[in-house]
Amino acid sequence: MRKDEKRTAFSRKVVEAIRKIPRGRVATYGQIAALAGNSRAARGVAWILHSSSDAERLPWHRVIGSRGRISLGRGRGFEKQRRRLAAEGIAVDRAGRIDLEVFQWEPRGKLPAVFKTFERSFR
DNA sequence: AGTATGACGTTTT
DNA sequence: AAAAACGCCATAC
């Protein structure tokens with residue numbers, strides 16, 4: 001696998017998008033694909049991560065599945081990803097579940113749902 | 001140009 | 001709730 005990625009526009013945009021994910025937040029594969037211009041290319045995103053996340057020094061651990069779950073299998077990166085997420089204050093249960101309502105990154109500056117409940121309590 | 005391979009996603013069992 | 005069945009896509013070779 002490992003070669004000279006970043007050649008196609010898609011790959012470049014995927015890398016850009018992943019770099020933008022803030023600490024303490026997560027994004028889904030499909031979300032990244034959409035930001036790169038093709039909402040249906042989630043698998044392509046996965047491929048890029050798999051092949052070049054190390055060389056690009058990407059925050060790969062902040063990318064998870066659409067249902068808020070770590071996609072890596074046990075013994076194949078699951079534990080490592082879980083640790084790295086926890087280190088940023090992201091709650092991950094034993095099954096690898098993460099609450100997207102709380103931790104999903106919103107590129108447009110939209111606040112997570114949990115903040116809305118705070119807003120309401122102040123009215 | 002055609003086939004195989006995933007860190008995927010959605011719908012249906 | 002969990003898994004299978006499909007569908008979809010970028011890359012590698």
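Residue numbering restarts at 1 for every chain, and letters A, B, ... go by the order of the sequence lines. All values below were derived from every heavy atom in this structure, side-chain atoms included, with hydrogens, water molecules and symmetry-related copies excluded.
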> For nucleotides 7-13 of chain B, read 5' to 3', which letter fits each nucleotide if B means a protein heavy atom sits under 4.0 Å from the base, S means only the sugar-phosphate is that close, and - means neither?
Replying inline: BBSS---
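- A:Gln81 has its side chain out of reach of A:Val92: every pair of non-hydrogen atoms, C-beta onward, lies at least 4.5 Å apart.
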> Pairs counted as Watson-Crick or G-U wobble with both distances under 3.5 Å: what dot-bracket string results for DNA chain C, using | for bases tied to another strand?
Replying inline: .||||||.|||||
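- The backbone N or O of A:Arg69 lies less than 3.5 Å from no partner atom in the side chain of A:Arg97, so there is not a single donor-acceptor pair.
- B:dA7 sits 23 Å from C:dC6 when the P atoms are compared, rounded to a whole Å.
- Within 6.0 Å of atom CZ in A:Arg74, more than 12 heavy atoms from other residues, nucleotides or ligands are found, so the atom counts as buried in its surroundings.
- Between A:Phe10 and A:Val45 there is a side-chain heavy-atom pair separated by less than 4.5 Å.
- In this structure, A:Arg84 contributes its side chain and A:Arg62 its backbone to no donor-acceptor pair below 3.5 Å.
- Atom CG in A:Leu35 sits about 16 Å away from atom P in C:dA10, given to the nearest Å.
- Shown here for A:Leu85 and A:His61, the closest heavy-atom pair between the two residues is CD2-O, 3.2 Å.
- Within the 4.5 Å cutoff, the side chain of A:Arg19 has heavy atoms near those of the A:Leu58 side chain.
- Applying the 4.0 Å criterion to OP1 and OP2 of C:dT11, one finds that A:Ser51 has every side-chain N and O outside that range.
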>> Would A:Trp105 and A:Gln31 count as a side-chain contact (heavy atoms from CB on, under 4.5 Å) here? Give the steps.
In response: CA-CA 9 Å; A:Trp105 172 46; A:Gln31 185 182 353; 4.1 Å; yes
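- Spacing of C1' atoms, C:dG7 relative to B:dG6, comes out at 15 Å, to the nearest Å.
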